[in-house]
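Before any comments, here is the structure.
From a predicted model like this one, the values you see are computed outputs, not experimental measurements. Just so we're on the same page: letters track the sequence lines, and every chain starts at 1.
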Amino acid sequence: MIPAQTATELVRMISSGETTAEYIIGQTLKQIEDTSHLHAFLHMNSNAIQQAKEIDHRIQRGEKVGRLAGIPISIKDNICTKQYPTTCASHMLDGYMPPYDATVIRRILDEDAIIIGKTNMDEFAMGLSTEFSAYGPTLNPHNTEVVPGGSSGGSAVSVATHTSAISLGSDTGGSVRNPASFCGVVGFKPTYGMISRYGLISYANSIEQIGPMARSISDIQLCMSIVSGPDVNDNTTANSTPVSLSEQYNATENPKIGIIRQMASKDTRIQNILNKAIEELSSHGCQCDEVSLEMVDYSVAAYYTITSTEVASNLARYDNIRYGYDMDYTGYEYHQYVTKARARFGAEVKRRMIAGGFVPSAGYAGRYFLKALKVKSRLTREINRTFEEYDYLISVTVPILPFRIGEKIDDPVSMFLVDINTVTANLTGKPAISIPYGVVDGLPVGIQIMANSMEDAKLLQFSHILGDDTQ
Amino acid sequence: MVPNSNTCPICLGLPGTLPLLNSEAVRHGVALAMSLNCTTPESLAFFRKNYFYPDLPKNYQITQFDAYGHTSIGGNGTVNTDDGTEIRIRRIQLEEDPGRLTYEGGNDGRQTTLVDYNRAGVPLVEIVTEPDFDSPRQARSFMNMLADTIKNLDIADPYLDGAMRADGNVSVHDGNKVEIKNINSFHDLEKALHYELTRQNSLYENNITIQQETRHWDERRRITISSRTKEAELDYRYFLEADIPWVDLDDDTIKEISANMPESTTARRERYIKQYNIKPQVANVLISDTRCCRLFEEALTPETALIIANILTTDFMGVMDTREKRAASQITAEHLSKIATLIKSNKITRAVAKDVLYKIAKKGGDIDDILDASSYDTSKLYDIISDTLQKEPQAAHEARINPPAINYLVGIIMRETRGAADPQEVLRILGELLKE
């Protein structure tokens with residue numbers, strides 16, 4: 001049996017004795033073997049069965065177990081885990097073992113989750129196809145010739161193929177929602193500051209968030225109730241309110257939904273799926289109108305300018321001095337050594353680092369970086385004004401279908417443009433969910449709903465209208 | 001401390017770590033800014049200063065910068081040094097300290113750089129003045145004033161090795177500016193600035209253009225050396241540090257910090273003058289040393305306040321003439337209070353008191369014991385020496401104009417005391433009486 005149940009269902013089955021954690025983990029490991037050609041995982045937990053047995057013993061002895069007891073969870077390889085390598089799918093961090101667990105890892109382990117393995121990704125989370133992993137691409141389970149999306153491609157594939165019930169990814173410009181859409185799972189990017197980033201290896205720290213992926217919205221809620229909320233190790237979480245499962249949020253009666261004009265897909269098959277979603281929302285009493293967010297047209301350019309600037313700074317620490325790989329340092333002057341050591345970064349990372357050295361530099365900052373910041377603040381003003389009138393904003397998650405592996409790898413700009421619908425939530429800090437809602441040519445299509453800041457719990461509750469099942 | 005024994009994932013900049021703002025550092029920074037009469041911003045933002053250097057764990061430094069509508073923790077202040085010169089403060093910025101580098105030459109002729117990250121991430125303030133100093137001496141006296149303020153606010157122990165460091169900028173005759181980095185003590189600051197002034201003046205006199213550059217102070221050779229790095233070409237690509245949200249410094253916060261600040265040195269000076277009738281000059285000297293102020297306040301009674309102020313500023317600070325010596329001295333408030341009472345009741349003279357003070361400051365001990373044992377002898381020694389000087393006016397005159405001639409007088413006194421006197425003591429007292 002493939003453990004196809006949702007995490008919520010598995011928790012009930014394991015804790016009631018209907019099944020055991022050992023059985024579920026055993027089936028999961030078997031499924032990982034059967035799907036290994038998809039290359040979703042980079043590192044495995046070799047003690048998973050042992051850990052499952054311990055949980056079963058505790059349940060048999062009548063001891064209290066955590067809210068994720070025995071649930072197989074996979075972790076994107078840019079989230080620090082003390083027990084497993086954390087490489088960001090980069091040769092710069094080959095075999096790197098962090099000396100600490102990220103806050104999200106501590107929180108799920110405290111609830112007795114079982115980390116099944118670390119998932120593949122675009123190097124340092126830069127990319128949206130998982131083709132930029134230094135360890136080779138991940139394949140889409142719906143069609144192995146197309147990309148699974150990215151950068152959390154391994155996580156999405158793992159959830160879609162039942163090799164984990166929940167996965168923790170990270171979303172800087174759509175890196176959770178894009179692969180969720182391409183692989184047919186639910187992906188959630190919370191409000192900036194909702195989940196602690198302590199232990200998430202930074203790519204563009206001013207806009208990124210850790211986000212859960214799962215096969216149901218309820219599982220996302222369960223996960224959020226455990227990982228969200230203030231953390232003393234991340235100053236940006238200070239004002240966050242954790243998502244609560246018990247609290248019923250007063251659903252707005254006949255909520256107003258804005259359909260973002262700038263995010264329409266040119267592919268009518270995809271646009272039809274959006275229309276179907278709008279019909280379903282309307283039938284639930286929602287009032288749906290088209291809205292315009294003028295600054296969306298500039299959002300991708302601003303996104304790449306800001307993220308490149310932060311990449312150049314965030315990745316500067318990989319000088320191979322305090323940690324890294326073995327390299328003989330004798331005979332090098334400091335700058336020569338660092339230059340040589342950094343040659344191990346992949347092409348996409350290098351491209352963005354070079355851009356990031358340029359766009360904020362003296363003489364050019366006004367033309368690029370400062371302008372990008374202006375777009376960010378105008379876009380935020382614009383979306384805040386829209387949320388004064390509308391409760392939720394809707395669009396398709398990605399305006400195109402999953403593309404063929406290798407199709408866009410040499411054309412960075414056309415690749416960047418795929419992010420058009422997802423970067424707005426990051427630039428403005430808003431929560432956004434991608435829900436699987438249809439299939440075109442055998443490939444999944446996701447619907448994205450955004451809400452105002454700190455309305456994560458409300459958004460998740462509302463999202464149930466568009467279904468709770470994974471195609 | 002063993003290098004790299006006091007580090008954590010954050011201060012090593014390990015992947016995934018986030019900086020945490022130290023609220024104590026913010027409060028201290030605001031208190032310091034207020035003490036130096038600076039303005040403070042309504043909200044505090046931090047920036048990244050991006051550059052590669054082996055002492056930087058993240059290859060950027062979290063610091064402050066006046067841009068994008070943000071200003072650093074203090075700006076536009078003025079303070080007076082003890083000689084009354086007004087020094088303008090341009091900016092105070094709160095930032096993280098990098099690690100410490102040690103350069104070693106290998107046996108094979110290769111150079112190795114060792115990095116110690118123990119102090120990486122420790123909060124630091126950089127205080128930038130306007131070019132208001134006319135002499136190295138003034139710069140040192142400004143540093144002393146700063147050290148007093150920092151000590152008084154209980155921010156740090158400014159006398160710990162490396163706790164206060166300085167970069168000095170020197171220019172002469174409107175020429176190019178030279179920055180001297182890496183100066184680790186106040187004494188060296190004065191020496192380095194003096195060396196640099198001399199170097200620049202001699203270049204100027206020989207019509208050689210002074211290069212705008214960064215130089216390093218070589219403590220061992222006591223010279224400044226040109227650094228090969230061209231800092232002017234560096235572009236730090238400053239941008240806001242998103243990992244530390246802006247901190248509101250609203251009126252209530254400022255008021256609360258201000259209410260919890262210890263008395264400022266200027267307020268203390270006024271109080272000493274009003275409350276204890278201390279002369280302004282004496283008060284100036286007293287407030288320049290936080291330790292002396294503490295001793296003074298602990299020891300005084302309304303009757304003895306004046307005497308204690310005088311003993312401290314003339315006798316104690318006279319023999320213990322550097323801060324380091326005073327910090328190491330064994331004197332306590334009890335000692336001072338007892339000596340003052342003895343003087344007040346005419347049991348001992350000021351001369352004897354000074355002598356006792358000197359001995360206690362050096363070695364500690366009980367005043368009665370010292371008076372019983374040696375200081376009685378010392379006061380007798382004073383009599384013997386002044387008798388000798390009266391009897392030997394010619395020798396006294398010789399000794400005044402030709403210091404080595406003092407040995408003749410020492411000989412006479414040692415004979416008079418049949419060798420019982422301590423020749424060092426004799427020399428000291430002789431020196432003192434000859435000056436009068």
* To do: Taking atom CD of B/Glu130 as the centre, report whether more than 12 heavy atoms of other residues, nucleotides or ligands fall under 6.0 Å from it.
  => yes
* Which atom names give the shortest non-hydrogen contact between A/Tyr100 and B/Gly16, and what distance separates them? -> OH-C, 3.0 Å
* Taking everything shown except B/Asp251 itself, do over 12 heavy atoms lie less than 6.0 Å from its CG? -> no
* **Exercise: identify the closest heavy-atom pair between A/Asn205 and B/Ala242** => ND2-CB, 3.9 Å
* Is there a donor in the side chain of B/Asn59 and an acceptor in the side chain of A/Asp319, or the other way round, less than 3.5 Å apart? -> yes
* Asked: Quick one: what part of B/Pro54 sits under 4.5 Å from any heavy atom of chain A, side chain, backbone, both or neither?
  -> both
* Asked: For A/Tyr329, does the OH atom have more than 12 heavy-atom neighbours from other residues, nucleotides or ligands under 6.0 Å away?
  -> no
* Asked: Between atom OG1 of B/Thr113 and atom CD of A/Glu333, what is the distance when rounded to the nearest 0.5 Å?
  -> 9.0 Å
* Should B/Leu14 and A/Pro98 count as side-chain neighbours, where that means a heavy-atom distance under 4.5 Å? -> no
* **Greatest number of heavy atom pairs closer than 4.5 Å to chain B - which of A/Pro360, A/Gly193, A/Ser206** => A/Pro360
* **Pairwise distance CD1(A/Ile321) to CG(B/Leu12) - rounded to 0.5 angstrom** => 12.5 Å
* Asked: Ignoring hydrogens and geometry, is there a side-chain-to-backbone donor-acceptor pair from B/Asp235 to A/Ala362 under 3.5 Å?
  -> yes
* Quick one: are A/Asn314 and B/Tyr60 in side-chain contact, heavy atoms under 4.5 Å? -> yes
* **Enclosure of A/Asp326 CG (heavy-atom neighbours >12, cutoff 6.0 Å)** => no
* To do: Give, as side chain, backbone, both or neither, the part of A/Leu370 having an atom under 4.5 angstrom from any heavy atom of chain B.
  => side chain
* Asked: CG of A/Asp94: more than 12 outside heavy atoms within 6.0 angstrom?
  -> yes
* A/Tyr337 portion near chain B, given a 4.5 angstrom heavy-atom threshold -> neither
* Structure fact -> Heavy-atom nearest pair, B/Arg48 first then A/Glu310, reads NH1-O, 4.5 Å
* Look up atom CG in A/Asp234 and atom CG in B/Leu18, then write down how far apart they are to the nearest 0.5 Å. => 5.0 Å
* Asked: For B/Asp243, is it the side chain, the backbone, both, or neither that has a heavy atom closer than 4.5 Å to a heavy atom of chain A?
  -> both
* Asked: If we only count heavy atoms from C-beta on, is the A/Tyr323 to B/Pro15 side-chain gap below 4.5 Å?
  -> yes
* Can you tell me if OH on A/Tyr364 sees more than 12 non-hydrogen neighbours from other groups inside 6.0 Å? -> no
* Do the non-hydrogen side-chain atoms of B/Leu20 and A/Asn233 ever get within less than 4.5 Å of each other? -> yes
* Enclosure of B/Asp167 CG (heavy-atom neighbours >12, cutoff 6.0 Å) -> yes
* Supply the atom-to-atom distance A/Ser313 OG to B/Glu241 CD, rounded to the nearest 0.5 angstrom. => 7.5 Å
* chain B: which of A/Pro99, A/Gly357, A/Ser202 shares the most heavy-atom pairs with it under 4.5 Å? -> A/Gly357
* To do: Please indicate whether B/Asp161 has more than 12 foreign heavy atoms, meaning atoms of other residues, nucleotides or ligands, lying under 6.0 Å from its CG.
  => no
* Is B/Phe239 close to A/Thr309 at the side-chain level, that is, under 4.5 Å between some pair of heavy atoms? -> yes
* Step by step, would you call A/Arg322 with B/Val115 a side-chain contact (heavy atoms from CB on, under 4.5 Å)? -> CA-CA 10 Å; A/Arg322 290 157 302 280; B/Val115 201; over 6 Å; no
* **Trace of the side-chain contact (heavy atoms from CB on, under 4.5 Å) decision for A/Val359 with B/Arg237** => CA-CA 9 Å; A/Val359 289; B/Arg237 293 178 283 124; over 6 Å; no
* Working to the nearest 0.5 Å, report the span between OH of B/Tyr53 and OH of A/Tyr334. => 9.5 Å
* To do: Name the member of A/Gly356, A/Ser361, A/Cys80 that forms the most heavy-atom pairs with chain B at distances under 4.5 Å.
  => A/Ser361
* A/Arg317 versus B/Leu56: any side-chain heavy-atom pair under 4.5 Å? -> no
